[in-house]
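If you're wondering where the values come from, they're calculated on a predicted model, not measured in any experiment. Computed over heavy atoms, backbone and side chain alike; hydrogens, waters and symmetry mates excluded.
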Amino acid sequence: MVKKKPNEVVYHVLSHHIDHYRQAKKIFKTDYDSHMITIAVFTHFLYGTLNPSHKKFQYEDLEWGEMYPLVKGLSKNKKKYLDKLSLFSISQILDMPKETVRRKVDALCKDKQLEYSITDGVTVGDNFEVLAKKIAPIDLLSMERAIKAIDKNGGVSKILKNLR
């Protein structure tokens, strides 16, 4: 029987956050707020693939490699497929001032991580796929360590029960 170590869970979960922060800065070459804006934009796309009320729900079972060409294609045809994601929406989602979001989106557009127009809103840009593919395996390995520590210590339900 494996001895349970609740501190190990906390350590791995916090380590994952630190790893993600470091890798995001290194790979995306932006500040963390800008990275979170990029994540919010990509999440907006993914939400549509999971929500049956959206036309793009037909793509709910995408594998990692299939996701990027589709998001790029949908972004290019956003009027047809995507609900508009505005600067104001991103500001609300991230609890960040709208002017800060506007400035950071402008910089992310210059790096082609995002695209923006008043008419079509904010979508992922041409460089997003390359950067996301760099961070994904690193991020997933870090998450795997945290998940294994959680499992080893009785799972999420047991940990939450002990925290209450």
In Å, rounded to the nearest 0.5 Å, how long is the span from [atom1] of [X] to [atom2] of [Y]?
X: E129; Y: Q113; atom1: CD; atom2: CD; result: 13.5 Å
X: S117; Y: K84; atom1: OG; atom2: NZ; result: 7.5 Å
X: L85; Y: T43; atom1: CG; atom2: OG1; result: 10.0 Å
X: K29; Y: N127; atom1: NZ; atom2: CG; result: 12.0 Å
X: D95; Y: M36; atom1: CG; atom2: CE; result: 12.0 Å
X: K148; Y: N153; atom1: NZ; atom2: CG; result: 14.0 Å

Is [Y] reachable from [X] through a run of hydrophobic residues whose side-chain heavy atoms are each under 4.5 Å from the next?
X: I135; Y: I147; value: no
X: L141; Y: V13; value: no
X: V41; Y: F88; value: no
X: I18; Y: I138; value: no
X: Y21; Y: F42; value: yes

So, D31 and S34: side-chain donor and acceptor under 3.5 Å apart, yes or no?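 A pair is found: one side chain offers a donor N or O, the other an acceptor, under 3.5 Å apart.
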Which atom of [X] lies closest to which atom of [Y], heavy atoms considered:
X: D126; Y: E115; answer: OD1-OE2, 3.9 Å
X: L87; Y: V105; answer: CD2-CG2, 3.8 Å
X: T30; Y: H35; answer: OG1-N, 3.8 Å
X: D139; Y: H16; answer: OD1-CE1, 3.2 Å
X: F28; Y: A132; answer: CZ-N, 4.0 Å
X: H12; Y: A149; answer: CD2-CB, 3.6 Å

Is it true that D106 and R102 have a side-chain N and a carboxylate O under 4.0 angstrom from each other?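 Answer for the salt bridge query: no.
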Salt bridge flag under 4.0 Å for residues R103 and D33: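 Looking at R103 and D33, the cut-off is not met.
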So, do I37 and L94 sit near enough that their side-chain heavy atoms are less than 4.5 Å apart?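 They are in contact (side-chain heavy atoms under 4.5 Å apart), so the answer is yes.
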Using a 4.5 Å cut-off on heavy atoms from C-beta on, say whether the side chain of L114 contacts that of K104.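 They are not in contact (no side-chain heavy atoms under 4.5 Å apart), so the answer is no.
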Has the side chain of K112 got a donor or acceptor atom that lies under 3.5 Å from a matching backbone atom of F128?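 Not a single qualifying donor-acceptor pair exists.
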Would you check if the side chain of S15 reaches a backbone N or O of Y11 as a donor-acceptor pair within less than 3.5 Å?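 Yes, S15 side chain to Y11 backbone: donor-acceptor pair under 3.5 Å.
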Taking it one step at a time, do H44 and V122 satisfy side chain to side chain contact (heavy atoms under 4.5 Å, CB included)? CA-CA 10 Å; H44 176 73; V122 186; over 6 Å; no
